[in-house]
Every structure is written in C-alpha cells, then in structure tokens.
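These numbers were taken from a predicted model, which means no experiment stands behind them.
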Amino acid sequence: MKNYLLNIFMQAANKLNYLNEIELTFTVPNQKSYGDYSLNAAMILSKKLNRNPRDIAKEIVDSLEYDKSIIEKIDIAGPGFINFYFSSSYNTQVINQILTEKENFGRSQKHSGKRAMVEFISANPTGPLTVGHGRNAVVGDTVANMLERIGYKVDREYYFNNAGRQMRVLGDSVRLRYLELLGYQIHFPEDYYQGEYIKEIASMLKNEHGNKLVDEDAEGIFKQRAEKEIFADIIKSMERIGIRMNNFYNEHLLFEEGRIESLLNEFEKKNLSYKKDDAVWLKLTELGNDADKVIVKSSGEPTYRLPDIAYHITKFERGYDLMVDLFGSDHNATYPDVLAALKALGYDSEKVKVLIHQFVTILQKGEVVKMSTRKANYITLDELVDEVGADVVRYFFNMRGITSHLNFDLELAKKQSDENPVFYLQYAHARIASILRMTKEEGLGSSLSNLELLTTESEQNLLKKLYGFPDEVLYIAENYETHRIAIYLEELAALFHRFYTECRIIGSEKKLAEARIALCIAVQTVLKNGLSILGVSAPDSM
RNA sequence: GCGCCCAUAGCUCAAUCGGAUAGAGCAACAGCCUUCUAAGCUGUAGGUUAGUGGUUCGAUCCCACUUGGGCGUACCA
C-alpha cells in the first residue's frame, strides 16, 4: 500500500517540484474515518511556501494519477491532511503475498550484505544470571533477531573478563568454603561471594580432590573451577530462554595479543594521552568529553576503559558494518569515553550503536529487592523461568520500551500468569490452528479465488493490519524499538479475536468460508513470524 | 554540584520526525457460550499527560525552569 503511494507521488513530483524537498511520511491515522493512510506534507510545506495548507493539499491531490480500483478515494481534511482510502478488493491482495512468502513475509533485504554484531549480557562469571540480566539478555537477542529480518548477517557476542579483583575474590570465596568443608575454622569476609553456588563448587572440589587442595591459592584451581561451573550455568540459563551466542570474547585475549600495549603506544604517538601522578590519562576533554580519565593506574594495571576500547577496535577489524552494544543504565557514563577514543583513532564511531536499558526493579511482597551478586541477594533468571516459563519471560522483557524503568512484581507475575498478554497472542495462534483442523474435517480448504468476498469491517481491519507488518518490522528494527513488535501483535490478535467472534467459517457459504480460511492462515503466519522475532513459541493448541 | 534516563487512567505501560477526539492490558461494574477453544467478545467508568512558562497553524513529544524518582559522576567493571 505504502509502496503504491510512494510510486504515485514520485510521478506527481515531476509536476510539483516542492514534493522533492520534503520527506513524505505516510502514517496510519488513529481513527478509521481518516482513511488507511494519511499525509501531513501540505502542513509542513505551508511554512516553506508561505501558502494555505489546504490549497497546497488540493494542488497535490489534483496532480496525483492513480488507479481507482486501488485507491477508492482521497480526502482533504482538517488543517490540510490528505487521507487515502484503499479499495477493499485491493486490501485482500495481501493474503496472496503472505501465503506465497510464508515465513519470509516481513523480511526485508534492505540491509542484505551487511554484517552486524550485537554484544549483550556480557556479565562476568561471578554468579548465576539474575532477573536483572534477563532484560539485557532478552532485548539483546531480540534486537539480533530483528536485524536478521532486515537483511543483516548477525553475530551474537558475549564479552567477559576472568581477571581482576572480583574474580580473585570469587576464587578465594571458593577456597574458603572448601577449607570450611574440610573442617577448618575460617573467617568468611562480608564482601566475599555469599551465594550457595560457591559452596556447591567447593563441595565438587572436595569430592574430586579430597584434601589435596588445601595449599592451593585462590587464583589457581579454585578460580578456574568456579569460572567453568558458573559459565556452564550461565549458558544453560541462556539456552532455556532460547539464546545462543556465536562467540564468547575473553578480555584476556586483548592482553595476550598485545592489543593493550599497542593501543597505549598509539595513544601516546597521537598525543592523546599523558602521564600524571604515575598514571596514564586519556585526553578526553580535548575530544569533547567532560573530563580526562585514567587508562593505566599508577599500579601499572589498565582500567576497564582501555580494554573496552581495544575490544571495540577488534570489532571494526572483524569488519562489522554495525556494532550494537546493549548496556544497563549503570554503564551510561562509560560508553562516551569509548566512542570518543574510537573516533579520535579514526574509526567511524557512527557504526557503533549503544543501547542503554533502564533497570528492572524487582518487587517482592511489595518491597524493592536490591540485587547484588556478591551479597547473594538476587532472584535468578532460572527461578523466574521455573515459575512462569520461558515464553512469559521473553514476552515480559520485550513488552516495554528500554528507556522505561520496569517494575517486576514477582507475586503479580506468578498470580497473573494466566492473564499475561503473551497468552492472548498465543491463544489467537492456537485458535486458528484449531479452526484449520475443524474446517479440514468439514472438507473445507483455503482458496484465493474469492477473496473479494472479505468485505466486513472486521475482515478489512485485519487485512490492513497485515499489510502493515513488513513496514513495521523495518521501522522497529532500524530504530531498535523491540517492544513495538509486541504492541503490533497484540493489536493484530485483538482484530483476529473480534473477527472470530463476528465471522463464522463453518456454516458460511463455501466460497466465503474458503476465503476466510485463507485469511486465517495469513493471520496465523504473521503471528508466528512476529512471535519468532520475540523468541516466543506459537503453539497449535493451548 | 554535574551528566544520562524517567514522570501519561487506581496499577503496569503505549502513543510511528511535532498531527486530528491521548490508547491497551490488569483491577472495577454490566452483558454475551445447545454452533470453528469464553486464555475470547461487547459495553460502562476511569486523564488538567508531575507543575509553570516558552516556541507555532498545532506540543505527551521540542526549549527553559521547578518538583519527585532511577543510574552514574573512581587510579571498581
């Protein structure tokens, strides 16, 4: 539909030059009486041309040449909106398209040939994934899914570091628990990892090695084993909600390959760093940021900024056209440093898209749970999946815009699991599957030869909604607005449920019944395609 | 103090570059199953879009200030 409009406007632009000067945005009005698509160009132009918008609108409409069997009428309304009404028989053509393209309906080749990387989760292996990580995990995977739909070849990557103070503390936590199991008197510091999983790992080591490890230090087998077990756990948790990484990038590799060293040299050579108080500072103020930051501490250890920059350079070197980073809001101060440094080094930092999602506030018994992996005060993602299932978890985190703070009331999530909107979508899909089973028994199949019989309001509304799907996917993917897939699907499901209530298939005249079956298949296909972007299953029965 | 994000119906959230009468779900109330799944449908009620000013044909959206909240602001990651 939109493409047709763009076509006729391209022709009109030959006559009216000013149409070339603005971007034409066709929107779906929020009120049906304003047509299927609406254009506000006349109002925008009125300022530029200093003319009455309604006069401009009339001039535009008069210059359009269109097929009356496609566009039924064009109105000028309000201050100068141009409203387009498509014919009902044209609307039905979307069914042919969907039934031909099937799972590819909604895909676009706009960005084919390009490679993207989505970096997400990136939690260090110090403990299980929590509900807090869940939002990052689900949104990251969904962004990756969306980019794939618009043509990108996407890699999912998890960046982590297994060095540093936190990991030393982790190793020592396991060591102390191990000694404790062997009957030693220990003092377990408050700022050590308090979680049960530490004891479990210690217990494994005791079972396998007896008391042979008493003289080992924290950094050796204790830390290594902890990392291995925790990672195995993290990967299992990810798999439960359908996430599979292409690569795990260990920060340590940056040191091994000498990238940290050479990056430091490059900063020095380009006069972007200086020494002060035994530390090395990056001249971020000269690059437009607020303050210079330390990249190598006086102890000789680099701060996280340096490997972060080096890591992003590897992404450029690996040839990605788009690099998406998904962070929680606690990182909102760090990425400008990385981007500024990359730019100063000559990389096109526009190719890096940083998405910051706000935190999830967990409410348990009406109170806010402050999550801390170290203090073992957390609710794991696994516990949540056990409680409500993977589909609900994926849908819940995909339902809202990432800039919104998200309240997660655990009691409510459990109690209302039956009323979660995800079931509304899945129910629509299952209902259609059921219809298809029943109609088959009645000897009815789908037919595309009498689609023009689909003239009722609920049928027409469904058709128009279906038409919008590819545009919607493209828009959402290019703007990283994952939650709008959920909104679209809820609207589609609502239109279907209404259609279901108003329009019967079995019992209708055969030609009409078969056209309606075709419509059902089209709706089912789009529901399934949309749900698969979200990573939510589309059941055939519920 | 400074920076980023947020404030919309009782609750959780939408609103496609600034568009027409701000929409859903949940909760509440009133209806709809001898016929394809009632996990559904229909209707009612619910709003000074935190507040004040500004920009213009038009502001939930942009700007300024105020109030309230989240996260940062480390030689932690």
*Asks:* With sequence neighbours excluded, what pairs up with A:Lys464 under the salt bridge (Lys or Arg N to Asp or Glu O under 4.0 Å) test?
*Replies:*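 Scan of A:Lys464 (salt bridge (Lys or Arg N to Asp or Glu O under 4.0 Å), adjacent residues dropped) gives A:Asp36.
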*Asks:* Answer yes when A:Arg437 and A:Glu441 have at least one side-chain N-carboxylate O distance shorter than 4.0 Å, and no when they do not.
*Replies:*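 Not counted as a salt bridge, because no side-chain N and carboxylate O are separated by less than 4.0 Å.
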*Asks:* Given atom CD1 of A:Ile295 and atom P of B:A77, what is their separation to the nearest angstrom?
*Replies:*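 Going from CD1 in A:Ile295 over to P in B:A77 covers 13 Å.
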*Asks:* Let me have a per-nucleotide readout for nucleotides 3-13 of chain B, 5' to 3', with B, S or -, counting only protein heavy atoms under 4.0 Å.
*Replies:* BBBS-----BS
*Asks:* So, the side chain of A:Ser404 versus the backbone of A:Arg400: is there a donor-acceptor pair under 3.5 Å, distance only?
*Replies:*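 It does not hold such a pair.
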*Asks:* Could you tell me whether A:Glu59 and A:Arg51 have a side-chain N and a carboxylate O separated by less than 4.0 Å?
*Replies:*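 Yes, this pair counts.
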*Asks:* Calculate the interatomic distance between A:Lys293 atom NZ and B:U73 atom P; express it in whole Å.
*Replies:*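 Value for this atom pair: 8 Å.
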*Asks:* Just jot down the ring pair (Phe, Tyr, Trp, His ring centres under 6.0 Å) partners of A:Tyr311, sequence neighbours excluded, or say none.
*Replies:*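 Partners of A:Tyr311 by the ring pair (Phe, Tyr, Trp, His ring centres under 6.0 Å) criterion, ordered by chain and then number, come out as A:Tyr159, A:Tyr249.
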*Asks:* Tell me which nucleotide among B:U35, B:U21, B:A77 gets nearest to the side chain of A:His331.
*Replies:*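 Out of B:U35, B:U21, B:A77, the nucleotide with an atom closest to A:His331's side chain is B:A77.
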*Asks:* If I take atom CZ in residue A:Arg168 and atom P in nucleotide B:C76, what distance separates them, rounded to the nearest angstrom?
*Replies:*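 For the pair A:Arg168 CZ and B:C76 P, the rounded distance is 11 Å.
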*Asks:* Using centres under 5.5 Å plus planes under 30 degrees as the test, is A:Phe81 stacked with B:G19?
*Replies:*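 Here A:Phe81 fails the 5.5 Å or the 30° condition.
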*Asks:* Kindly indicate, with the supporting measurements, whether the criterion side-chain hydrogen bond (donor to acceptor under 3.5 Å, both in side chains) is fulfilled by A:Asp172 and A:Tyr192.
*Replies:* CA-CA 8 Å; A:Asp172 211 33; A:Tyr192 271 35; 2.8 Å; yes
*Asks:* Verify the contact: side-chain N or O of A:Tyr424 to OP1 or OP2 of B:C41, cut-off strictly under 4.0 Å; return yes or no.
*Replies:*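 The answer is yes; a side-chain N or O of A:Tyr424 sits under 4.0 Å from OP1 or OP2.
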*Asks:* Give a yes/no on whether any side-chain N or O of A:Arg498 is located under 4.0 angstrom from OP1 or OP2 of B:U42.
*Replies:*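 True: A:Arg498 side-chain N/O within range (under 4.0 Å) of B:U42 OP1/OP2.
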*Asks:* Please state how far atom CD in A:Glu502 lies from atom C1' in B:U35, giving the value in whole angstrom units.
*Replies:*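 Value for this atom pair: 17 Å.
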*Asks:* Looking only at N and O atoms, is any donor in the side chain of A:Asn40 or the base of B:A20 less than 3.5 Å from an acceptor on the other one?
*Replies:*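 A donor-acceptor contact between them is absent.
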*Asks:* My understanding is that a pair needs two contacts under 3.5 Å, Watson-Crick or G-U wobble. By that rule, which nucleotide pairs with B:A28?
*Replies:*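 The answer is B:U44, by the H-bond criterion.
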*Asks:* Mind checking if A:Ser38 touches a base, just sugar-phosphate, or nothing, with heavy atoms under 4.0 Å?
*Replies:*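 Base contact - A:Ser38 has a heavy atom under 4.0 Å of at least one base atom.
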*Asks:* Between A:Lys2 and A:Ile82, who's closer to the 5' end of RNA chain B by nearest nucleotide?
*Replies:*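 The 5'-side residue here is A:Lys2.
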*Asks:* Within the stacking criterion (centroid distance below 5.5 Å, interplanar angle below 30°), does A:Tyr500 stack on B:G40?
*Replies:*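 Taking the rule of under 5.5 Å and under 30°, the ring of A:Tyr500 does not stack on B:G40.
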